[in-house]
Amino acid sequence: MFGIVRSGLRRGFETIERPFDRLFGPEGNPVAQLGALGFFFFWIVAVSGIYLFIFFDTGIERAYQSVEYITNDQWFHAGVMRSLHRYASDLMVLMLIVHLLREFSYDHYRGARWFSWLTGRPIIWLLYTSGITGYWLVWDKLAQYVAIATSELLDRLPIFGEPIARNFIATGTLTGRFFTLMVFMHVAVPLFLLFIMWVHILRISRPKVNPPRLLSAMSLIALIGVSIWKPAVSQGHVDLAKAPVEVGLDWFYLPLYPLMDFWSKGAVWGLLGAFSLMIGLMPWLPPLRRAKPAEVDLAHCNGCARCAEDCPYEAIRMVRRTDGMPFPAQAQVNASLCVSCGICVGACPSSTPFRRTEGLRTGIDLPDYPLRMLRERTLAAAAGLSGFPRLLVLACEHGAGARHPTGVIRLPCVAMAPPSLIDFILSKNLAEAVVVAGCAENACFNRLGIVWTEQRFARQRDPYLRARVPRERIATIWASKLAVRRFERELAAFARKVATFPPAKLRSPLPATVRAPGESRTLAEERTS
Ligand code: HEM
Ligand code: SF4
Ligand code: SF4
């Protein structure tokens, strides 16, 4: 069932993201920056909250007046800050919901990713607690409504000896101490939320926690504009003698409150518990079939740390050398974090297909899909090609290229292919051109595979694609598995372009007598041996 919902949602996201991609570019697309925007809005909430605290009176008698003073008398700075505080908090909820749905739709929550998913669960609870306690502090009619409904809900749990809802049903019963507790919670819970947000991204390398500057600036300007145009206001002083009727709700934080008028408190807790349980179980419904984690072969590891640099999941640590080789460090894989994306294989300087068959071992490899197998599959795919021009497709299994019928070498991620594999293909004349086909550019399944591939090709990141490799014979196509038709169009256009190249342009970049580093036998020798 999850599978059907997931692909439906994914289709929806891809449709929404396309115009944003065109407008902002894949790097700046806000839908691909939801986590980073969540952090950004958190900082706006924090700064505006600190500012408001200068003017806010934490005593129950004067809280409402101080908020009125902020809103009306000091509207041009403190009032704007109040609105910023409210609207940025609302946007945090929006980011949270859409981010959760997007990670789910892209299947980014199972396998080794369970940690980020599961730490998202306390984020939901803490964010809502922060928002709800915030509404309490204004001490207006909405605060009264929220206070009564929340305390009735809490009274359903066997936590408090005395029912706390009693505090809000008559004047004189509410103690300042209780109000002070709410003020304390409204400060302490967001601090704890920030801590959990930090834990949330602990197992991700280079998490995006800052949106691109243009996006941040546009979001801030829009927020200030809305704050001036439609300032956040209070809804009249609390009157504990009267039950609050007809209060305006904040639908981001309080969508369940009207439900409490129709459902029993037990049923509302049941709904919240079921939702929380479902989020907690989802990474294992069904569990992702996991390939064996990457393994280090010390005989081929020189401790260069490129694999640790490139792993998107913090699964590799450099540790002190254990085999007496004259290198200071060696790579060590944490099997529980490894998703077997193979990006480390593509990063290792020992991963060169030019090596002899029996010597085709590398510093770090995937037991289920070793570099040796990648070379064998490349040779087999090349042998199956006919006609002109012959195109080999190095395709990420999560993208559209994996569905192409001929000449495809499927990989867990395009960045598993070391750049020397392309050199190998073209210099051995296995094909006239190579297509590197990944996921959609702003949604790389393995987070950094596309970025690393582009940087390696542009000679900005080790291992470089050698200068001698003719760039015009390489194409990159980034297309999600739902964009098969676009992929085929771009592939056909590239094939037509390659077909126009003069024969000299299609000649091997490597003279027949020259052998690439690490190569000791010709391919013909290897094939016949
Ligand atoms: C406002 C609250 C949240 C913020 C600010 C936030 C922030 C982030 C950030 C910055 C990342 C790293 C993105 C990247 O660089 O690839 C991330 C990843 C992730 N988040 Fe959240 N998150 C929030 C809530 C949630 C919730 C509620 C869930 C789900 C229950 C969730 C699930 C995930 C998952 C599964 C990943 C890992 C994605 C991957 O491995 O590619 N997040 N989050
Ligand atoms: S296979 Fe991927 S997740 Fe595992 S260690 Fe290598 S780069 Fe990291
Ligand atoms: S990239 Fe290869 S050589 Fe470098 S540390 Fe990792 S396994 Fe060792």
Side-chain angles (χ1 to χ4, degrees), residues 291-292 294-295 297 340-343 345-346 348 350-362 364-438 449 453 465 469-470 473-477 481 484 487-488 491-492 494-495 498-499 506-510 512 515-516 518-529:
K292 289 202 187 94
E295 281 175 4
D297 183 344
S340 316
C341 64
I343 290 179
V345 181
C348 183
S350 303
S351 295
T352 160
F354 285 103
R355 286 181 163 192
R356 297 155 48 129
T357 307
E358 57 273 26
L360 195 52
R361 303 254 304 276
T362 180
I364 188 161
D365 217 345
L366 295 183
D368 289 339
Y369 192 171
L371 188 66
R372 177 182 42 77
M373 192 187 283
L374 174 56
R375 189 171 77 160
E376 280 161 11
R377 288 189 183 175
T378 307
L379 293 174
L385 289 177
S386 56
F388 178 82
R390 294 164 303 146
L391 257 54
L392 272 180
V393 183
L394 294 170
C396 163
E397 64 191 7
H398 304 284
R403 301 187 172 190
H404 188 64
T406 51
V408 177
I409 304 116
R410 290 181 188 82
L411 300 153
C413 177
V414 279
M416 178 185 174
S420 55
L421 181 65
I422 296 174
D423 192 0
F424 178 77
I425 292 169
L426 296 180
S427 62
K428 298 292 179 191
N429 196 23
L430 298 180
E432 273 77 50
V434 176
V435 173
V436 177
T453 303
L465 179 65
V469 180
R473 290 170 64 187
I474 306 170
T476 50
I477 304 180
K481 60 180 168 198
V484 172
F487 171 81
E488 292 299 338
L491 185 85
F494 179 58
V498 174
L506 295 173
R507 219 166 282 141
S508 159
L510 193 64
R515 291 190 179 174
E519 184 185 32
S520 48
R521 291 189 296 179
T522 63
L523 196 67
E525 284 165 342
E526 269 179 25
R527 276 179 172 165
T528 50
S529 64

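- Rounding to the nearest 0.5 Å places OG1 of Thr453 at 12.5 Å from CE of Met416.
- Not counting sequence neighbours, the partners of Pro367 by the side-chain contact (heavy atoms from CB on, under 4.5 Å) test are Lys292, Glu295.
- Atom OG in Ser351 sits 12.5 Å away from atom CZ in Arg375 (nearest 0.5 Å).
- Contact annotation: the side chain of Val393 approaches that of Leu491 to within less than 4.5 Å [non-hydrogen atoms, C-beta and beyond].
- Residues Phe487 and Ala437 share a closest heavy-atom pair of CE1-CB, 3.5 Å.
- Partners of Ser350 according to the side-chain contact (heavy atoms from CB on, under 4.5 Å) rule, which considers only residues two or more places apart in sequence or in another chain, are His300, Cys348, Arg355, Thr362.
- For Ser340, the side-chain contact (heavy atoms from CB on, under 4.5 Å) test picks out Ala291, Cys338, Leu366, with sequence neighbours left out.
- Two residues are said to be in side-chain contact when any heavy atoms from C-beta on lie closer than 4.5 Å; Asp423 and Phe354 meet this criterion.
- Rounded to the nearest 0.5 angstrom, Ile474 CD1 and Ile425 CD1 are separated by 9.5 Å.
- A distance of 10.0 Å separates CD in Glu376 from CG in Leu371, rounded to the nearest 0.5 Å.
- Taking every heavy atom of both residues into account, Leu391 and Ala495 meet most closely at CD2-CB, 4.0 Å.
- Among all heavy-atom pairs drawn from Leu374 and Pro418, the shortest one is CD2-CD, 4.3 Å.
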Go through the steps for Ile364 and Asp297 under the test side chain to side chain contact (heavy atoms under 4.5 Å, CB included), then give the verdict. CA-CA 6 Å; Ile364 188 161; Asp297 183 344; over 6 Å; no
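- Leu506 places a side-chain heavy atom less than 4.5 Å from the side chain of Val498.
- The minimum heavy-atom distance between Leu426 and Ala431, with the atom names listed, is CD2-O, 3.7 Å.
- In this structure, His398 NE2 and Cys413 SG are separated by 8.0 Å, a value rounded to the nearest 0.5 Å.
- A heavy-atom distance below 4.5 Å is not found between the side chains of Leu421 and Ile409.
- Under the 6.0 Å distance and 45° angle rule, Arg473 does not count as a cation-pi partner of Phe494.
- For Ala499, the side-chain contact (heavy atoms from CB on, under 4.5 Å) partners two or more places apart in sequence, or in a different chain, are Phe388, Pro389.
- Across Val414 and Gly449, no two heavy atoms sit closer than the pair CG2-O, 4.3 Å.
- Judged as a side-chain hydrogen bond (donor to acceptor under 3.5 Å, both in side chains), the pairs with a partner in residues 399-412 (not counting sequence neighbours) are, in order, His404-Glu488.
- Side-chain contact between Phe424 and Val434 is absent, with no heavy-atom pair separated by less than 4.5 Å.
- The line from CG of Leu411 to OH of Tyr369 is 4.5 Å long, rounded to the nearest 0.5 Å.
- Scored by the side chain to side chain donor-acceptor pair (under 3.5 Å) test, Asn429 finds Arg390 as partners (sequence neighbours excluded).
- What you find for Gly346 and Pro419 is that their closest heavy atoms are O-CD, 4.0 Å.
- With a 4.5 Å cut-off on side-chain heavy atoms, Pro412 and Cys396 do not count as touching.
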